[in-house]
Amino acid sequence: MAKQNVAEQFVDILVRAGVKRLYGVVGDSLNPVVDAVRRNAALDWVHVRHEETAAFAAGAEAQITGKLTACAGSSGPGNLHLINGLYDAHRSMAPVIALASHIPSSEIGLGYFQETHPDQLFRECSHYSELISSPKQMPRLLQTAIQHAVGQSGVSVVALPGDIAAEPAPEKAAETALVTSRPSVRPGDAELDKLVDMIDRAEKVTLFCGSGTAGAHAEVMEFAGKIKSPVGHALRGKEWIQYDNPYDVGMSGLLGYGAAYEATHECDLLILLGTDFPYNAFLPDDVKIVQVDVRPEHLGRRSKLDLAVWGDVRETLRCLTPRVRTKDNRRFLDRMLKKHADALEGVVKAYTRKVDKHVPIHPEYVASVLDELADDDAVFTVDTGMCNVWAARYISPNGRRRVIGSFSHGSMANALPMAIGAQFTDRSRQVVSMSGDGGFSMLMGDFLTLVQYDLPVKVVLFNNSSLGMVELEMLVAGLPSYGTTNRNPDFAAVARACGAHGVRVEKPKDLAGALKDAFRHKGPALVDIVTDPNALSIPPKISAEMVTGFALSASKIVLDGGVGRMLQMARSNLRNVPRP
């Protein structure tokens with residue numbers, strides 16, 4: 001039996017760790033690894049057109065599956081292109097192992113062609129970034145990288161010179177058991193005792209939930225019901241907590257709606273559950289605050305805490321709920337539910353008059369129709385910018401749908417690459433890329449990846465020929481918009497030229513039929529929808545606070561109209577409020 005080389009050992013360990021695909025672009029320093037993948041039936045090489053796409057796709061796959069994924073880039077510029085997608089994966093807590101192949105080991109430090117120092121470059125966007133300078137470091141170094149990525153939920157980077165990859169692997173190298181899943185983390189009894197006492201003493205408690213509530217919907221609902229608490233959420237908490245929620249008061253933050261802001265500011269005790277919500281301007285500074293998080297480094301970095309609880313949300317609530325006293329007074333909860341419903345009633349009117357006849361098409365109308373027509377288990381990948389607005393307002397979670405985007409890193413061009421990773425996990429599941437024309441055109445080359453692999457991703461393109469969110473930010477700051485206009489092609493014609501289904505929609509009456517045709521199409525499809533660049537309602541006065549960008553008052557500009565099916569849920573919840 002032929003002796004393994006380092007590249008073959010590297011690939012075998014990835015397979016043992018559960019990796020199914022290696023996303024990347026081939027290059028000379030990567031050749032030994034790519035060849036090892038070619039000869040290993042358990043791992044597929046996914047050839048994308050840009051390494052940034054590879055990292056975004058790997059991060060999306062990790063978020064959908066919860067399992068380790070991998071991407072690769074060749075020496076110098078090749079692996080450097082990974083960095084933006086890796087930043088996003090790392091900040092999204094997606095377990096990704098990145099292979100940064102390197103120049104010949106004998107030339108490191110001598111200004112060789114394409115020389116960079118990847119082990120240094122990726123340190124800020126990873127938990128672990130190291131160079132393999134000798135075959136003797138294998139397999140322990142790769143195993144350590146995997147444990148960091150899985151155990152700390154983020155990125156690990158391994159820099160591997162091409163000549164080292166081609167060398168024989170060390171004989172009798174110890175291969176330890178790999179950890180491929182995270183344990184549950186329970187808080188200590190002392191913290192639980194303090195939290196029980198704080199909850200029992202408080203008259204008005206509000207829960208504010210983030211992505212850390214994934215898998216804990218039932219526990220949050222039981223807890224909220226026992227203590228009569230309104231439940232708000234951040235954008236990353238929406239898909240996990242908003243559906244089937246009789247205590248829902250909406251979302252806080254720049255894209256916020258409903259009564260979430262009021263509920264977090266008018267309570268006696270605010271409990272932050274699994275959220276690293278970054279906009280501290282939206283958090284109160286005059287109420288008691290408790291934060292529960294599985295990542296101890298997140299505790300207290302956004303607001304002053306009265307109690308920090310280290311634990312995952314599900315286990316914490318399983319320990320906590322049986323111990324707190326049932327609250328009978330629901331006046332605060334009912335008042336917040338009424339405020340929430342009233343707030344949504346007020347904004348929904350803005351885009352209900354003749355919206356199905358308005359040209360250019362209202363993007364809110366597009367998002368609303370998309371929400372109605374998409375599958376109940378669809379995966380939506382969302383571009384940063386105005387597409388975040390439409391997804392936050394109109395895509396209805398139900399416990400089966402997924403909505404992922406660059407919600408923490410805030411990168412343009414993420415939706416299409418993320419859709420690639422999401423679709424590879426299950427070709428039969430509907431994947432919809434909610435793309436803006438700016439983001440789509442930035443990495444448009446990887447539409448060819450959809451065609452090459454016949455991935456049935458449906459790109460719904462909100463084409464307003466502008467960088468809408470940037471334009472809004474300029475207006476918030478009292479500046480005239482400049483440099484935000486895009487001169488776009490007929491994207492549907494581009495899609496057809498690539499060999500995919502493409503249709504352009506300019507009239508509202510054609511929208512539903514175009515989306516239905518795209519969803520029925522078995523391969524990749526693009527629906528280029530010409531939308532109104534002036535869809536947002538700008539207030540007559542620009543306040544001083546708005547100048548700071550994402551300050552509190554800035555939120556009032558963003559969504560002055562349209563909330564989709566959330567109003568129906570708010571009305572339903574209000575009907576359940578007991579009448580005196």
Check whether any side-chain N or O of S229 sits under 3.5 Å from a backbone N or O of A224 as a donor-acceptor pair, and report yes or no. no
Partner residues of N84 under the side chain to side chain donor-acceptor pair (under 3.5 Å) criterion, sequence neighbours left out: E52, H409, S411
Excluding sequence neighbours, so at least two apart, what forms salt bridge (charged side-chain N to carboxylate O under 4.0 Å, His left out) with E219? R314, R318
Does any N or O in the side chain of T206 come within less than 3.5 Å of the main-chain N or O of P230, such that one atom is a donor and the other an acceptor? no
So, K338 and D334, do they make that salt bridge, N to O below 4.0 Å? no
Taking atom NZ of K339 and atom CG of L344, what is their separation to the nearest 0.5 Å? 13.5 Å
Would the distance check show the side chain of E239 and the main-chain N or O of V403 forming a donor-acceptor pair, the cut-off being under 3.5 Å? yes
Under 3.5 Å side-chain donor-acceptor pair for E124 and Y87: yes
Passes side chain to side chain contact (heavy atoms under 4.5 Å, CB included), W390 versus V366? Steps please. CA-CA 9 Å; W390 317 137; V366 177; over 6 Å; no
Take F462 and M386 through the test side chain to side chain contact (heavy atoms under 4.5 Å, CB included) and record every step on the way to the result. CA-CA 9 Å; F462 290 73; M386 296 316 304; over 6 Å; no
Only residue of R335, R331, K204 satisfying salt bridge (Lys or Arg N to Asp or Glu O under 4.0 Å) with E266 is R335
Partner set under salt bridge (charged side-chain N to carboxylate O under 4.0 Å, His left out) for D189, not counting sequence neighbours: R186
N280 side chain to L283 main-chain N or O, any donor-acceptor pair under 3.5 Å? no
Supply the atom-to-atom distance M418 CE to S406 OG, rounded to the nearest 0.5 angstrom. 5.5 Å
Taking side chain to side chain contact (heavy atoms under 4.5 Å, CB included) as the test, write out the residues that go with S466, two or more places apart. N464, E471, P533
Is a donor on one side and an acceptor on the other found under 3.5 Å between the side chain of R402 and the backbone of Q63? yes
Does D383 have any side chain to side chain donor-acceptor pair (under 3.5 Å) partners at least two apart in sequence or in another chain, and if so, which? none
Testing D376, D375, D377, D371 for side-chain hydrogen bond (donor to acceptor under 3.5 Å, both in side chains) with R401, which one passes? D371
Suppose we screen for side chain to side chain contact (heavy atoms under 4.5 Å, CB included). Which residues come up paired with V324, at least two apart in sequence or across chains? V196, I199, D200, F223, K226, I227, L320
Counting distance only, does the side-chain N/O of H148 pair as donor-acceptor with the main-chain N or O of S156 below 3.5 Å? no
Could you tell me whether the side chain of H217 and the main chain of Y243 form a donor-acceptor pair under 3.5 Å? yes
V294 backbone acceptor or donor facing W310 side chain under 3.5 Å: yes
From I241 CD1 over to M251 CE, what is the distance, rounded to the nearest 0.5 angstrom? 14.5 Å
For I97 and V158, what are the C-alpha separation, side-chain angles and deciding distance, and is it a side chain to side chain contact (heavy atoms under 4.5 Å, CB included)? CA-CA 8 Å; I97 186 90; V158 175; 4.3 Å; yes
Is any side-chain N of the basic residue among R302 and D276 closer than 4.0 Å to the acidic one's carboxylate O? yes
Flag, side chain of N414 to backbone of T384, donor-acceptor distance under 3.5 Å: yes
With sequence neighbours excluded, what pairs up with D426 under the side chain to side chain donor-acceptor pair (under 3.5 Å) test? S428
Any salt bridge (Lys or Arg N to Asp or Glu O under 4.0 Å) pairs touching residues 53-63, not counting sequence neighbours? R21-E61
To the nearest 0.5 Å, what is the distance between CG (D293) and OG1 (T275)? 8.0 Å
Which heavy atom of G215 sits nearest a heavy atom of W240, and at what distance? N-CE3, 4.4 Å
Pairs satisfying ring pair (Phe, Tyr, Trp, His ring centres under 6.0 Å), at least one member in residues 179-213, at least two apart: F208-F277
Please name the pair of heavy atoms, one in V155 and one in C125, separated by the smallest distance, quoted to 0.1 Å. CB-O, 3.4 Å
Partner set under side chain to side chain contact (heavy atoms under 4.5 Å, CB included) for C71, not counting sequence neighbours: Y23, A54, A55, A58, L82, L86, V96, A98
List for me each residue that meets side chain to side chain contact (heavy atoms under 4.5 Å, CB included) alongside A202, sequence neighbours excluded, and say none if there are none. V205, D268, L269
Judged by atom type as modelled, is there a donor-acceptor pair below 3.5 Å linking the side chain of D312 to the main-chain atoms of E315? yes
What do the steps show when you test F407 against N388 for side chain to side chain contact (heavy atoms under 4.5 Å, CB included), and what is the final call? CA-CA 8 Å; F407 299 141; N388 268 227; 3.4 Å; yes
R429: what forms a salt bridge (charged side-chain N to carboxylate O under 4.0 Å, His left out) with it, not counting sequence neighbours? none
